[in-house]
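Everything on this sheet refers to the single structure shown next.
Being a predicted model, the structure only gives us computed values, none of them experimental. Just so we're on the same page: letters track the sequence lines, and every chain starts at 1.
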4 protein chains.
Amino acid sequence: MKQNKPKYKQIIDAAVVVIAENGYHQAQVSKIAKQAGVADGTIYLYFKNKEDILVSLFKEKMGLFIEKIEGETSGKTKAADKLYVLIEKHFSLLSEDHHLAIVTQLELRQSNKDLRLRINDVLKGYLNVVDSIIQIGKETGEFREDLDLRLARQMIFGTIDEIVTTWVMNEEKYDLTALAGKVHHMIVRGFGSSQ
Amino acid sequence: MKQNKPKYKQIIDAAVVVIAENGYHQAQVSKIAKQAGVADGTIYLYFKNKEDILVSLFKEKMGLFIEKIEGETSGKTKAADKLYVLIEKHFSLLSEDHHLAIVTQLELRQSNKDLRLRINDVLKGYLNVVDSIIQIGKETGEFREDLDLRLARQMIFGTIDEIVTTWVMNEEKYDLTALAGKVHHMIVRGFGSSQ
Amino acid sequence: MKQNKPKYKQIIDAAVVVIAENGYHQAQVSKIAKQAGVADGTIYLYFKNKEDILVSLFKEKMGLFIEKIEGETSGKTKAADKLYVLIEKHFSLLSEDHHLAIVTQLELRQSNKDLRLRINDVLKGYLNVVDSIIQIGKETGEFREDLDLRLARQMIFGTIDEIVTTWVMNEEKYDLTALAGKVHHMIVRGFGSSQ
Amino acid sequence: MKQNKPKYKQIIDAAVVVIAENGYHQAQVSKIAKQAGVADGTIYLYFKNKEDILVSLFKEKMGLFIEKIEGETSGKTKAADKLYVLIEKHFSLLSEDHHLAIVTQLELRQSNKDLRLRINDVLKGYLNVVDSIIQIGKETGEFREDLDLRLARQMIFGTIDEIVTTWVMNEEKYDLTALAGKVHHMIVRGFGSSQ
DNA sequence: AATGAATGAGTGTTCATTCAT
DNA sequence: CATGAATGAACACTCATTCAT
């Protein structure tokens with residue numbers, strides 16, 4: 001398994017650093033190799049081509065991301081609590097990894113359509129977690145019965161993603177994780193004054 | 001004012017078509033020139049460089065977009081009604097312009113950080129409309145007093161944007177405008193069952 | 001017609017020089033461009049890719065070659081005389097163009113199968129001239145009636161080509177053209193002594 | 001002697017197969033190693049470098065080739081008969097070894113000048129056989145006294161080689177060996193009608 | 001104003017060879 | 001003897017921009 005060889009992870013971590021610090025279009029393979037401390041050619045012993053590095057990067061990092069979030073949400077029973085944990089964890093995980101936040105929110109989005117389609121595939125794992133939370137909420141009566149699953153999922157992901165992206169673009173000047181409560185409340189209770 | 005000369009608009013419209021049909025990275029200046037029916041060099045009499053075409057494109061189209069939405073929302077008194085109109089109009093305007101939808105939702109996002117910052121500047125006009133609706137809602141008591149303006153804005157924009165992007169990626173297979181009501185309800189009332 | 005533009009010929013002539021002096025595998029596009037006094041990119045305004053330069057080179061040069069030989073042979077009536085002129089002209093034309101001789105006899109043969117097939121296509125023009133001479137000879141009774149056209153053609157071309165190649169590999173140390181008479185005699189009369 | 005170790009021949013035979021099936025430029029050392037059933041590095045225990053494989057290949061195969069032809073020709077007394085046997089054997093040996101025919105006639109010619117010079121060295125053994133036949137013919141009066149040894153040799157080799165190459169390029173669709181008689185007659189008696 | 005020929009900087013990938021095990 | 005992971009040099013081609021006409 002190539003995934004277990006140390007150089008595989010070494011190169012992926014190097015790619016995150018290089019992309020975060022130089023931008024997507026300035027992340028040449030030779031720069032990644034140098035950062036990883038290997039020769040250019042060595043990259044191609046572990047990855048089919050440059051795109052494969054980027055997809056693998058996203059898979060590895062997003063895989064861990066989803067795992068952690070799944071682990072945390074499974075500790076809660078109520079859908080609303082699960083949702084809170086998801087938001088809070090999403091924010092905190094990216095707050096803790098400056099480079100990864102830049103890469104996933106800004107740089108990787110500059111990739112071409114093919115790459116973005118493959119990235120979206122990986123994202124499906126995350127969206128499945130979201131879906132199951134909504135489903136549970138509907139079943140327990142916490143959420144409206146007539147809630148549209150797809151739209152609800154898109155609202156949750158769209159809101160979280162937009163908030164994180166703005167935070168990254170603002171150079172992470174404020175405490176993202178601290179916003180989790182308010183965001184959670186907006187999603188669950190909406191804008192309306194409680195009457 | 002160059003903006004009033006016929007070739008200015010001609011080139012921008014050509015850019016929309018070329019980018020929509022070929023993708024951002026295959027939208028060479030020479031292709032845009034050909035589509036516009038002018039020589040390559042002529043482009044540079046109206047635009048400083050390629051980036052300038054894209055920013056101008058976004059400004060022109062988004063300007064019209066904002067104008068129309070502002071016009072429609074001003075016809076409503078209540079914040080919730082204004083918000084509904086904004087969502088409905090946002091969906092319908094993009095539904096009506098296939099090329100523009102592809103360009104703004106998919107292709108232009110592949111641009112580099114600089115260009116995206118300038119695009120965000122243009123977007124501020126739209127976000128101001130959103131802000132004023134939220135503000136009105138808070139003042140009239142329609143919306144919660146403690147609603148965080150920035151977060152609310154990000155939720156509205158993030159939700160709408162994610163829904164439109166998914167719709168475009170799904171090749172616009174379903175009726176986007178028909179979703180306005182549900183989306184509006186989710187935003188204003190949240191997921192919670194009405195108690 | 002691109003073929004009439006001065007830079008087209010300029011680049012082809014540069015390619016002949018560069019290949020002759022550096023060898024096929026050391027004839028980089030940038031070297032050819034430099035020799036031609038144009039920018040690298042200019043090459044691609046006149047040629048589809050590197051292979052296209054080489055095929056065009058062969059077409060142009062071999063085209064002239066065939067034209068001249070056809071012109072000279074048509075001045076003779078008897079097949080044997082035509083054949084003599086063909087051999088003599090073949091030798092003298094390559095004797096006069098040192099660079100071309102190296103390129104066609106040694107360097108261009110290092111190309112891959114695809115390119116060689118396209119080169120063979122061009123050669124067909126030359127072989128047609130040979131064929132028509134043999135045909136005439138057979139019709140006039142100068143040559144044996146049962147002479148196999150294909151084999152005779154291959155003997156003529158194989159002999160001439162081998163002699164020229166050896167001469168080029170020996171660094172053109174002797175007078176090639178002076179050999180025409182003997183070669184002609186060997187082909188027409190064979191090795192046999194008195195008949 | 002490395003030449004006697006089993007892996008030496010194993011690698012050479014692998015090279016013939018790989019070059020014949022993939023072409024000269026697609027015959028990577030790693031592919032040859034795989035075909036030979038050894039590790040890449042093992043190649044370098046038996047050969048100085050890649051070029052050495054090819055030269056050795058040519059030496060081994062051409063050595064056998066010359067041996068066989070020498071053996072057969074020595075069984076004849078008259079020069080013309082020896083020449084016939086040489087042509088017939090040359091054709092039949094290559095007809096029997098499809099891979100070798102492709103490698104010697106098409107693929108190995110794509111090598112660079114250095115390699116071709118070393119290949120020519122090996123070829124000298126073959127040309128010496130040809131020379132001795134011509135010499136004998138001149139001495140016995142079978143061939144013209146004033147026959148130019150070098151040109152006669154080049155005619156014989158050039159003719160045979162061209163005929164074989166064409167046959168290989170035509171995917172060996174016809175019986176090559178059957179042509180020996182006609183070719184022999186053309187060389188010895190020429191094109192002229194016997195009067 | 002309009003043209004379009006010319007420019008030239010920039011980069012992913014292959015593969016012969018080495019050498020520590 | 002044998003291995004095979006690691007090396008790193010080398011190059012065709014694109015395309016935004018310019019400027020002489």
Base, backbone or nothing for each nucleotide of nucleotides 11-21 of chain E, written B, S, -, heavy atoms under 4.0 angstrom, 5' to 3'?
SSBBSSBB---
Separation of A/Gln10 atom CD from F/dA5 atom P, in whole Å?
16 Å
Mind checking the OG-CD spacing from B/Ser111 to B/Glu51? Nearest 0.5 Å is all I need.
8.0 Å
Would you kindly give the CD1-to-C1' distance between B/Ile32 and E/dG4, to the nearest whole Å?
17 Å
Indicate the atoms forming the closest heavy-atom contact of A/Asn112 with B/Gln110, along with that distance.
CA-OE1, 3.5 Å
Will you find, in the side chains of B/Asn22 and B/Gln28, an N or O donor that is under 3.5 Å from an N or O acceptor?
no
Whole Å only: how far is the NZ atom of D/Lys31 from the P atom of F/dG4?
19 Å
Run through A/Asp52, A/Ile11, A/Asn49 and flag the one making a side chain to side chain contact (heavy atoms under 4.5 Å, CB included) with A/Ile43.
A/Ile11
Can you confirm whether more than 12 heavy atoms, excluding those of A/Lys50, are under 6.0 Å from its NZ atom?
yes
Can you find a pair of side-chain heavy atoms, one from B/Leu54 and one from B/Ile19, that are under 4.5 Å apart?
yes
For B/Ala27 and B/Ile32 the tightest heavy-atom approach is O-CD1, 4.1 Å
OP1 or OP2 of E/dA2 versus the side-chain N and O atoms of B/Tyr46: is any pair under 4.0 Å?
yes
Name the orientation class of the two ring planes belonging to C/Phe47 and C/Tyr8 (parallel below 30°, tilted from 30 to 60°, perpendicular beyond 60°).
parallel
Rounded to the Å, how far apart are B/Phe47 CZ and E/dA2 C1'?
15 Å
Quick one: the dot-bracket string of DNA chain E, using Watson-Crick and G-U wobble pairs with both distances under 3.5 Å, [ ] for crossing pairs and | for bases paired to another strand.
.||||||||||||||||||||
Rounded distance in Å - CG (C/Leu45) to C1' (E/dG4):
10 Å
Please determine whether side-chain hydrogen bond (donor to acceptor under 3.5 Å, both in side chains) holds for the pair D/Asp161 and D/Gln105, giving the CA-CA distance in whole Å, both sets of side-chain angles, and the decisive distance to 0.1 Å.
CA-CA 8 Å; D/Asp161 191 60; D/Gln105 300 304 124; 3.1 Å; yes
So what does B/Lys7 hit on the nucleic acid, given a heavy-atom distance under 4.0 Å: a base, only sugar-phosphate, or nothing?
sugar-phosphate
Rounded to whole Å, the CD1-P distance (A/Ile11 to F/dA5) equals 14 Å
